[in-house]
Amino acid sequence: MLDVLIFATLNGLVTGLLLFMLASGLTLIFSMMGVLNFAHASFYMLGAYFAYSLSLYFGFWTGLIFAPLIVGVLGALVERYGLRRVHQAGHVAELVFTFGLAFLIEEAVQFFWGRDTKSYQSPDVLNFALFTLFGQEFSAYRGFMIAISVGIFIGLYYVLTRSRVGIIIQAAITHPNTVANLGHNVPLIFMGVFGVGTALAGVAGVIAGPVLTTFPGMATVLGSIVFVIVVIGGLGSLAGAFIASLLIGLLQSFAIASDVGMEDLLDLFGISFPYDHALADLWGLTLPQVAPILPFLLLVLVLIFRPTGLMGKREE
Amino acid sequence: MVILQTLVKKFGIWVAYLAVLLLLPQLFDSILAISIYNQMAIAIVFALSYNMLLGQGGMLSFGHAVYFGMGGFLGVHTLLMIENESVYFSVMWVPFIGGLFGLLCALFIGSFSTRKAGTVFAMISLGIGELIAASSLIFVDFFGGEAGISGDRTFGPTFFGVDFAQNIQIYYLAAIWTFIATIFMYLFTQTPAGRMANAVRDNPIRAEFIGYSARRVRFISFCAAGLFAGVAGGLFALNYEFITEENLNAATSGRVLLMAYIGGLGYFIGPIIGAVLLTLMNTLLSTYTDLWLLYLGILFLLTVMFLPRGFAGFIMMHQVAWLRGRLTSLIKPYLITGLPALVFLLGVVTLIELIHTEDETLSIWGLSLTPASVPTWIVLIAITGAAFYGIRRSLPQLREAWHAANKPDGEGN
Amino acid sequence: MAILSLKDVHKSFGITHIIRGVSLDIEQGEKHAIIGPNGAGKSTLYHLISGLYSVTSGTIELKGEEIQNKPPYEISRRGLARSFQVTNIFPRMSVFENVRCALLWSRGFRYSFWHLLGRQGELNDCAMEVLSQIGLLEKASFPAGELAYAQQRALELGITIASGAEVILLDEPVAGMSHSEAENAVQLIRQITEGKTLVMVEHDMNIVFDVADRISVLVYGEVIASDKPAAIRGNQRVQEAYLGEVATHA
Ligand SMILES: Nc1ncnc2c1ncn2[C@@H]1O[C@H](COP(=O)(O)OP(=O)(O)OP(=O)(O)O)[C@@H](O)[C@H]1O
Ligand SMILES: [Mg+2]
């Protein structure tokens with residue numbers, strides 16, 4: 001039992017941190033430009049694919065460094081030549097634009113890399129068991145994922161709170177006009193933040209690619225979950241996104257690891273139902289089965305009962 | 001005579017619409033054509049229902065396929081019930097049943113999701129969509145798991161001898177349903193609830209100060225949209241006799257958004273244009289190239305960026321010039337820019353196909369090109385580049401002509 | 001009995017206390033002006049009366065019934081209409097539709113989806129009548145968002161008065177208009193509020209003293225005086241707080 005608990009926690013942590021790497025960029029972009037970037041996970045996918053291609057020729061580490069850079073530049077270009085143009089047409093148009101972008105990137109990835117799964121591998125140096133507990137191994141690569149994520153967050157936190165640029169960014173989030181009047185180039189800041197946000201997604205893609213497999217559907221798989229996280233956490237709140245990321249990561253890994261079902265629950269109350277009943281599917285549900293829908297259930301519930309999310313600001 | 005004139009003026013467009021719907025099979029009557037018509041009819045109803053949300057009511061939904069799919073699933077279940085004689089009516093009523101079920105789902109979901117418009121509504125619709133798509137794989141009895149469920153439309157009483165076994169019969173049935181649904185959706189826009197939907201879309205706060213609860217107004221539009229999406233789903237069930245989870249998931253929701261947007265949200269006819277266009281791409285273009293989704297993605301992004309009001313909006317843009325009698329002055333500049341644009345388009349498509357192909361030779365536009373030959377590439381790139389230059393060069397002229405054509409009368413220079 | 005009556009109304013945003021105990025009685029048929037310096041809380045007071053904001057404490061009665069913290073649409077249905085300081089219209093709808101929508105509820109159409117508006121002759125005539133009153137008849141089929149500023153202000157007024165509400169709250173109806181435009185607007189306001197209760201926030205003292213039967217002065221969220229125009233003109237505290245500069249100019 002304890003082993004399940006520990007491994008579920010560790011895996012939840014890995015997933016949660018990975019999700020936060022996406023969610024943090026998305027949140028930064030949202031709080032600054034007020035647009036929920038539907039294509040955010042697509043940049044994550046691009047990160048994985050670029051890293052894969054680079055790793056074929058130059059090895060994993062080159063990919064780790066350059067793939068996010070390429071993705072960041074692409075992101076900045078999208079902001080400059082796409083989003084900025086639709087911005088005048090309002091938030092719905094922006095949301096629709098990023099939706100279309102996600103659609104296009106998925107098709108483009110299939111065009112350039114094909115439909116099949118790529119055998120993007122973690123580097124050999126990290127192919128050992130970091131430790132073994134109760135006969136189960138925890139791979140060094142997963143440890144590396146945790147280390148990278150934490151490292152980036154510390155760096156990000158430092159930049160945002162301590163550096164001059166970070167302070168300007170924070171100011172531009174709440175008072176773009178004032179910052180512009182002070183002589184700062186707000187459009188440039190926007191472009192930069194969009195680039196950095198997408199580059200973060202790229203990093204996530206690079207390190208997640210080998211574990212979660214690199215295939216054209218990977219953006220869709222993670223995309224809506226990341227959306228769920230930033231909404232549950234409260235749009236625009238980094239702290240909320242952090243909590244929600246870990247929450248969802250843990251929730252999913254525990255749901256998958258446990259084998260509790262509806263029946264057990266009903267047994268607890270001494271209820272039992274016939275198996276040939278029309279709703280038998282409902283009684284037979286197990287937690288691993290419902291694991292994929294839990295985030296969405298949570299999303300809908302949060303939006304109904306607390307539309308601002310966990311840490312969101314007051315309703316406008 | 002006068003009465004006839006007003007009748008033509010008032011209902012002419014509807015008569016024409018019905019005539020087109022009913023005469024289409026005279027134009028092409030191959031099996032493929034009929035199947036395309038059927039898909040168009042379904043898509044038109046679905047896209048129009050989506051427009052009630054986004055275009056008329058300002059609610060961006062990423063989960064509208066839920067109501068379509070639900071209508072479709074109950075439609076197939078209805079077919080099954082007709083088959084094993086637990087109910088006794090003609091299959092022609094299946095779209096109606098689908099609509100009722102779509103309405104029922106919308107009544108339930110709309111009761112909490114329409115509280116807000118904007119991002120919150122979009123997110124709830126996304127969440128519900130994913131939730132239901134995922135649950136459909138769990139509740140196998142109703143949704144049939146990954147395989148879906150299938151029925152047979154040849155049972156039950158006939159309608160004056162018509163048994164709806166053939167696709168062409170289904171098409172005429174679908175045409176009638178589409179016509180009726182279109183009329184009702186149009187009439188809805190002319191009612192207080194429909195007009196207030198526009199008002200709430202434009203300015204929900206002000207709407208509350210003229211006596212209307214924005215939430216209630218949204219709710220009504222939402223239910224109406226669910227109803228007609230369900231009708232479309234019922235038509236789908238009737239046409240294909242099967243339905244799967246794919247018909248209510250995010251991909252289908254996305255497709256209807258694309259249709260409505262590309263066609264043009266602000267105009268009643270926009271989604272119809274979009275539905276026809278996308279169905280044609282889906283059915284015809286996809287037989288020529290397996291990259292059609294890529295082209296669709298590009299088309300969509302270009303539309304969002306350059307034609308925010310879609311194709312219908314592009315056509316309507318010319319109204320002013322038309323009214324001022326200056327439309328003809330645009331023909332020449334359009335040709336001058338349009339020609340290189342067309343060449344550019346063909347060039348880009350050829351290049352894309354050339355990159356993509358894995359064969360020795362690529363047959364395209366009646367040419368056969370060899371991907372391995374360097375000169376082919378050089379020539380193609382040169383042509384495309386020249387065409388691009390041509391567009392850039394002629395664009396200012398077009399812009400000028402445009403301004404001249406739209407300038408109010410009597411203004412100098 | 002007062003048709004609109006505020007009793008010790010307070011409003012705070014977080015820790016900032018904006019409305020600090022306002023009590024005000026407005027009689028049926030009165031033309032009441034509220035004046036006060038920028039940021040005094042005049043618009044906030046309107047938001048409280050019309051239901052946009054909830055009060056922190058206190059009561060607001062319309063025709064003897066408490067309306068505080070009710071949603072705007074319920075207050076509107078009870079016969080109170082208001083305009084906004086920042087133009088607040090339906091930009092993508094035609095001018096005609098703007099006005100017609102404002103008429104719908106009071107004409108009993110509610111949320112009907114079975115009446116065809118094109119056939120409601122009386123409703124449409126009435127909308128046209130309002131349009132001619134506010135001088136926008138020629139722009140009837142224009143998208144409201146493309147009107148000139150003064151025309152949008154006129155439309156704002158049209159939307160407010162269309163329903164025939166008994167109590168009308170106007171928030172700086174002529175701000176930003178040229179002199180002649182403002183004159184026309186005042187003429188119009190006088191004409192359409194004939195026999196109704198009017199509350200008006202306005203900075204232009206000439207207009208205020210011209211239109212109002214009674215004036216309340218709001219300073220820092222408190223009513224420091226509420227009286228006949230002549231008395232207000234002579235009031236020492238008002239002079240100090242607000243009128244000083246205007247009075248010396250005039
Ligand atoms: N939603 C809000 N949150 C916080 N403070 C607010 C809010 N609305 C208004 N205020 C503050 O309340 C004060 C009064 O604002 P209000 O708009 O009512 O003034 P006003 O008297 O209408 O001024 P003006 O003549 O400039 O229109 C201002 O200091 C404003 O900053
Ligand atoms: Mg004010």
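Sequence lines set the chain letters: A, B, ... in the order given, protein chains first and strands last, and positions in each chain run from 1.
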Distance, nearest 0.5 Å, that separates CZ of A:F97 from OH of B:Y261:
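Nearest 0.5 Å value for the CZ-OH distance: 11.0 Å.
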| message | I need the A:I248 CD1 to A:L294 CG distance, nearest 0.5 Å. | response |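 Nearest 0.5 Å value for the CD1-CG distance: 8.5 Å.
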For [X], is it the side chain, the backbone, both, or neither that has a heavy atom closer than 4.5 Å to a heavy atom of chain A?
| X | value |
| --- | --- |
| B:L54 | side chain |
| B:A133 | neither |
| B:I352 | both |
| B:I132 | neither |
| B:I128 | both |
| B:L291 | side chain |

Among [options], residue most engaged with chain B (heavy-atom pairs, under 4.5 Å):
| options | answer |
| --- | --- |
| A:L297, A:T220, A:I105, A:L83 | A:L297 |
| A:V96, A:V92, A:V86 | A:V96 |
| A:G82, A:P295, A:S224, A:G114 | A:S224 |

| request: Begin from the C-alpha positions of B:E353 and B:T289 and carry the test side chain to side chain donor-acceptor pair (under 3.5 Å) through to its verdict. | output: CA-CA 8 Å; B:E353 291 292 332; B:T289 168; 2.8 Å; yes
So B:F388 and B:F344, would you call those rings parallel, tilted or perpendicular, with 30° and 60° as cut-offs?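 B:F388 vs B:F344 ring planes: tilted.
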If I measure from the heavy atoms of chain B, does [X] come under 4.5 Å with its side chain, its backbone, both, or neither?
| X | result |
| --- | --- |
| A:V231 | side chain |
| A:L299 | side chain |
| A:Y81 | backbone |
| A:V228 | neither |
| A:F38 | side chain |
| A:L101 | both |
| A:F103 | side chain |

**Report entry** Heavy-atom closest pair, residues B:I243 and B:N247
**Finding:**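 So the two residues come closest at CG1-OD1, 3.3 Å.
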Item checked: Pairs involving residues 96-116 of chain A, ordered by first then second residue, that meet salt bridge (Lys or Arg N to Asp or Glu O under 4.0 Å) (sequence neighbours left out) ->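 Sorted result for residues 96-116 of chain A: A:D116-A:K118.
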Discussion item. Tell me which one of A:F30, A:F227, A:F43 satisfies side-chain contact (heavy atoms from CB on, under 4.5 Å) with A:N37.
Written reply: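 That would be A:F43.
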Taking the six-membered ring for Trp and the full ring for Phe, Tyr or His, determine whether the centres of B:F62 and A:F99 are under 6.0 Å apart.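 Close enough - the centres of the two rings lie under 6.0 Å apart.
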### Side-chain (B:E208) to main-chain (B:A214) donor-acceptor, under 3.5 angstrom
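Yes; at least one donor-acceptor contact below 3.5 Å.
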Atom CD1 of B:I205 with >12 non-hydrogen neighbours under 6.0 angstrom =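 12 or below, so no.
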